[in-house]
Amino acid sequence: MVLNSNLDKLNELRNLINSPLTDSMISLFDAKSFVELDPYMVSDTVIAGYGKINGRQVYAYSQNIEAMSGAVSSKAVQKILKIYNLALKTGAPIIGMFDSFGAKLDEGVAALSAYGEWMAMVNNLSGVVPQISLIMGTCAGCAAVIACSADIIIMKKDAKLFLNGSLNSDVDSAQNAVKAGLVHMVCCDNNETINRAKDVISMLPQNNLSLTANFEFSENDNVASSETIGCELIEAVSDKGSVIELQKGFGDCIITSFATVAGKVVGFLFIHDVVCDDGATKAARFVRLCDAFGIPIVTFVGSNGLKQTSSYRSIRSIACAAHAYAEATTAKISFIVGESSGLTHLAFAAKSSSSDLSIAWVDSSISLLSPLTSVELFWHDKLKGAKNLDLKRDELANEFKSTVASPFRTAELGDVDLIIKPNETRQILISALDMIENKRVKKQPKKHGNMLF
């Protein structure tokens, strides 16, 4: 009788301290699959547990802003660490929901130490199991660093993300977080945030030793053509309705997306403009994510080089992108679909430097310098006497692309494996993915490359 009475009191207490994010936590998982762990532990600022998302095991935790403003105590961190340890043992993804003003200040150094353990665990599991952060409310200080250490960060539109200082709608907004390259998606409300997390987690494998899922798919109604660029091209070669774009609004010269091709998960890069610093950084981050979990990388290159700037940051950014792509051991297939020249070609499309398979559209061009620059440098004499200098320059650039920069010239050197028509792209991509899916690479013994990302 005493035992039952105590249990009733505990349940009554538990009902009083339920987090408003409990509904979000439950909606994240398949019906009736969520199991809360440590529900009676003396910490009402964190809810943690496990369940199934589309039949796959996933761990999750959420912070409770309604209890002591979400102040994270050392006990709360112990709940979270238990989830991480279980994820490590079982090889399953983790989703964290952030909404807190920070640590429980009256715990002093104990709270700081707990945050240290949490931060170490997040980084130690990076690249081992997928980690997704959902910024649902306030995410500040150490929690902001922890949240942004995840593989994918999804932020609610009215949430706040900052390192220190007071709340400021202009500085701490989701819009600025996108511009800074911190978050991958911004959503209108809790439901959309949860649904986007489900979409992304379905694209990622359980862990770095697992294969991605194979999906049922519908053929796409669209067919690639020489006029198809950007997201339209990715959608044309992917399965119908499968494209998930990441980091839209940051480094827009490059598009990064997950999608499926004949039911197989692929990471797409589309370089469609001169590459800026943010675009190179975005590409490097995405390539490393795909490589960590064995997702094939398909790169479309239709850019004519790098953004003209004297900034040293440009050198660092493109060096990081080139390093990430070259270091990646996952399958890498590049399609040259427009002008491909200079460092952009070398970093993302060249068979000689990093790509496993380099495929060019028949009307593409490949050159050391952009066609316009090449005309000015090598064919400047042909511009003499032109009545309309701009028109003549464009005509010569087109001639240069179809002759000197023709993909057939590059194919003669063995740096292009195949030349195709644009409408053959999906068919060839499916075949290439089948061919290279069992790729094996033996790397030199080392801890890691030494590039500053």
Side-chain angles (χ1 to χ4, degrees), residues 19 21-22 24-30 33-39 41 43 45-64 70 72 76-100 114-136 139 142-156 182-185 190 193-210 212-213 246 258 285 288-290 292-295:
S19 166
L21 284 180
T22 298
S24 294
M25 178 76 88
I26 292 173
S27 66
L28 177 65
F29 292 96
D30 297 345
S33 72
F34 176 65
V35 177
E36 185 180 357
L37 296 178
D38 295 319
M41 190 174 180
S43 172
T45 60
V46 169
I47 291 176
Y50 64 90
K52 298 289 181 69
I53 297 179
N54 297 324
R56 296 172 55 200
Q57 184 73 47
V58 177
Y59 295 91
Y61 59 89
S62 70
Q63 295 175 311
N64 179 9
V72 179
V77 173
Q78 292 306 311
K79 269 191 180 185
I80 294 170
L81 291 179
K82 180 179 288 189
I83 292 296
Y84 275 92
N85 278 310
L86 286 170
L88 177 62
K89 291 175 182 178
T90 62
I94 300 174
I95 297 176
M97 299 182 187
F98 291 81
D99 189 7
S100 168
Y115 264 110
E117 291 183 65
W118 186 6
M119 191 177 295
M121 182 65 81
V122 169
N123 286 286
N124 288 339
L125 261 68
S126 179
V128 179
V129 299
Q131 299 182 57
I132 297 179
S133 292
L134 308 183
I135 301 175
M136 313 289 281
C139 186
C142 296
V145 174
I146 291 170
C148 292
S149 296
D151 300 303
I152 299 290
I153 300 98
I154 304 173
M155 188 172 179
K156 199 171 71 167
L182 281 174
V183 301
H184 292 83
M185 298 181 196
N190 283 1
T193 305
I194 293 296
N195 289 333
R196 294 292 78 76
K198 289 181 177 182
D199 292 340
V200 172
I201 205 72
S202 68
M203 291 285 187
L204 298 171
Q206 283 292 91
N207 54 64
N208 63 331
L209 300 179
S210 300
T212 54
L246 302 176
F258 285 130
R285 183 179 182 182
R288 287 171 68 82
L289 171 60
C290 290
F293 296 108
I295 298 172

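Just so it is clear, the model here is predicted, and its values are computed rather than measured.
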State, yes or no, whether a side-chain contact exists between [X] and [Y] at a heavy-atom distance under 4.5 Å.
X    : Y    : answer
F34  : I47  : yes
V200 : H184 : no
M97  : K156 : no
L204 : I295 : yes

Open item on the list: Quick check against the 3.5 Å criterion: does N208 have a side-chain atom that pairs as donor or acceptor with the backbone of A292?
Closed with: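 Checking the backbone N and O of A292 against the side chain of N208, no donor-acceptor pair under 3.5 Å is found.
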
Task: N/O donor-acceptor pair under 3.5 Å between D151 side chain and I132 backbone - done: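 Judged by distance alone, no pair lies under 3.5 Å.
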
Open item on the list: I'd like to check the side-chain contact (heavy atoms from CB on, under 4.5 Å) partners of L86; sequence neighbours left out, ordered by chain and number.
Closed with: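 With sequence neighbours excluded, L86 shows a side-chain contact (heavy atoms from CB on, under 4.5 Å) to L37, Y59, K82, given in chain and number order.
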
For the [atom1] atom of [X] and the [atom2] atom of [Y], what is their distance to the nearest 0.5 Å?
X    : Y    : atom1 : atom2 : answer
I146 : S149 : CD1   : OG    : 7.5 Å
F293 : Q206 : CZ    : CD    : 11.0 Å
L88  : I83  : CG    : CD1   : 13.0 Å
N190 : M25  : CG    : CE    : 12.5 Å
I152 : I95  : CD1   : CD1   : 11.0 Å
E36  : S62  : CD    : OG    : 8.5 Å

Looking at every non-hydrogen atom in both residues, tell me the closest pair between [X] and [Y] and how far apart they are.
X   : Y    : answer
L28 : A197 : CD1-CB, 4.4 Å
G55 : D30  : N-OD2, 2.8 Å
A92 : Q57  : CB-O, 3.6 Å
F98 : Q63  : CA-OE1, 3.2 Å
S27 : K198 : O-NZ, 2.8 Å
P93 : R56  : CG-NH2, 4.3 Å

Open item on the list: How about OH on Y50, more than 12 heavy atoms from neighbouring residues, nucleotides or ligands closer than 6.0 Å, or not?
Closed with: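 No, OH of Y50 has 12 or fewer neighbouring heavy atoms, counting only those of other groups under 6.0 Å.
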
Task: Of I135, L182, L134, the residue whose pairing with I153 passes side chain to side chain contact (heavy atoms under 4.5 Å, CB included) - done: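 That would be I135.
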
TODO: Apply the side chain to side chain contact (heavy atoms under 4.5 Å, CB included) test between I154 and each candidate in T193, V183, L246; give the one that qualifies.
DONE: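 The option that passes is T193.
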
Result block: side-chain N/O donor-acceptor pairs under 3.5 angstrom for residues 122-129, not counting sequence neighbours:
{"from": "N123", "atom 1": "ND2", "to": "M119", "atom 2": "O", "distance (Å)": "2.8"}
{"from": "N124", "atom 1": "ND2", "to": "A120", "atom 2": "O", "distance (Å)": "3.2"}

